[in-house]
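Beneath this line is the structure, given in structure tokens, with notes to follow.
Residue numbers start from 1 in every chain, and the chains themselves are labelled A, B, ... in the order their sequence lines are given, proteins ahead of strands.
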There are 2 protein chains.
Amino acid sequence: MPPSAPSPDDVGALSALLPGVTDGVLPAACPSRTVLDHVTSKWGVLVIIALSDGTHRWSALRRVVQGVSEKMLAQTLRTLEADGLVHREARPVVPPHVEYRLTERGRGLAEHLLPLMGWIAQNADDIVAEAATR
Amino acid sequence: MPPSAPSPDDVGALSALLPGVTDGVLPAACPSRTVLDHVTSKWGVLVIIALSDGTHRWSALRRVVQGVSEKMLAQTLRTLEADGLVHREARPVVPPHVEYRLTERGRGLAEHLLPLMGWIAQNADDIVAEAATR
DNA sequence: CAGCATCCCGTACGATACTG
DNA sequence: CAGTATCGTACGGGATGCTG
């Protein structure tokens with residue numbers, strides 16, 4: 001298969017929609033894919049959403065993000081922390097008191113996730129109702 | 001919001017950020033969670049992004065969304081189709097010719113995913129570089 | 001070309017128990 | 001209170017082969 005085959009279809013307008021981001025293709029092994037996987041991990045979006053209104057303690061996060069296990073909450077927070085999206089602050093008191101909040105970078109991301117969540121919440125009822133009929 | 005209101009951290013300002021969406025909690029079993037799971041499934045975001053610049057054939061999608069297997073591409077497309085986000089059109093010719101495009105609803109969703117992808121693409125290098133040092 | 005069926009494996013995930 | 005440690009399983013998801 002000749003790599004020079006100029007097909008007007010496969011080199012779409014993606015590059016125009018995501019300027020400087022793609023050359024008409026979404027590469028498998030690239031930093032964007034890694035970050036996307038972290039963010040769209042099972043609990044990533046929900047944790048970031050939960051933190052977008054300010055600082056929360058571990059126990060508060062467990063209550064807000066309903067259904068998350070201790071293990072997964074910890075793992076998700078570790079990943080987001082390593083990515084510089086979440087800041088962890090532990091106060092050396094007894095009993096322990098640990099707070100989590102978004103970093104500057106995390107807030108930048110949340111600015112995109114909040115509208116997305118809003119859209120989903122507005123359309124979810126219609127979508128699942130429709131999907132149930134098939 | 002009146003400052004006199006005793007907001008003890010667990011009833012956060014989430015409700016204000018996502019008006020009418022949450023009462024300070026992100027419920028486990030609800031339509032929003034279902035749709036979120038569909039969209040943030042491993043290939044959901046990428047397929048929608050790939051379709052945001054117009055109609056694409058099956059084979060084109062496989063080329064654009066690099067790394068996706070036939071099975072997962074099919075499964076993702078079925079789910080998105082059932083959710084009314086993607087439209088499938090098969091032309092009864094030999095050999096088969098099947099086209100996919102976003103529905104109106106799907107375009108509404110893409111309007112939120114594109115900026116998100118843009119942000120990720122811009123920040124991914126820094127994030128991955130930083131995360132590697134830990 | 002577009003895709004389903006089948007097999008099979010790794011790991012993501014949850015439940016439980018334990019600790020600083 | 002805020003986690004780790006350990007274990008077991010379900011399921012996501014890849015590889016292959018077959019079909020309309």
On a heavy-atom basis, the closest approach of A:Asp83 and A:Arg105 is O-NH1, 2.9 Å
B:Ser59 has a side chain; which of C:dG3, C:dA2, D:dT4 sits nearest to it? C:dA2
Taking every non-hydrogen atom, the tightest pair across B:Ala13 and A:Asp53: N-OD2, 2.7 Å
Would you say the side chain of A:His97 lies within less than 4.5 Å of the side chain of A:Val93, judging by non-hydrogen atoms? yes
Distance, rounded to the nearest Å, where B:Glu81 contributes CD and C:dC4 contributes P: 10 Å
Could you check how far CG of A:Asp37 sits from C1' of D:dG12, rounded to whole Å? 13 Å
Please give me the minimum heavy-atom distance between A:Val25 and B:Gln66, naming the atom from each residue. CG1-NE2, 3.1 Å
Determine the contact category for B:Arg62: base if any of its heavy atoms lies under 4.0 Å from a base atom, sugar-phosphate if only primed atoms, P, OP1 or OP2 are that close, otherwise nothing. nothing
Between A:Ala50 and B:Leu26, which heavy-atom pair has the shortest distance, and what is it? CB-CD1, 4.1 Å
Where do A:Leu17 and B:Ser52 come nearest, in terms of heavy atoms and distance? CD1-O, 3.4 Å
Starting from C1' on D:dG12, measure out to NE2 on B:His38 and report it in whole angstrom. 14 Å
Rounded to the Å, how far apart are B:Leu73 CG and C:dA2 C1'? 10 Å
Scan B:Arg88 against the nucleic acid and name what it touches under 4.0 Å (heavy atoms): base, sugar-phosphate only, or nothing. sugar-phosphate
Taking five pairs at each end of the helix from C:dC1-D:dG20 to C:dG20-D:dC1, what angle separates the two helix axes (nearest 10°)? 60°
What is the distance from OH of A:Tyr100 to P of D:dC1, rounded to the nearest Å? 15 Å
Separation between OH (B:Tyr100) and CG (B:Leu51), nearest 0.5 Å, reads 9.5 Å
Run the salt-bridge test on B:Glu89 and B:Arg57 with the 4.0 Å N-O cut-off and return the result as yes or no. no
Determine: side-chain N/O of B:Arg57 to OP1/OP2 of C:dA2, distance under 4.0 Å, yes or no. yes
Minimum heavy-atom distance B:Ile48-B:Ala110, with the two atoms named: CG2-CB, 4.1 Å
Could you run through nucleotides 7-20 of chain C and give me one letter per nucleotide, 5' to 3': B if any protein heavy atom sits under 4.0 Å from the base, S if only the sugar-phosphate is that close, - if neither? B-----BBB-B--B
Distance below 4.0 Å between A:Arg78 side-chain N/O and D:dT4 OP1 or OP2: yes
Check the distance between D:dC1's P and A:Arg63's CZ and give it to me in whole angstrom. 10 Å
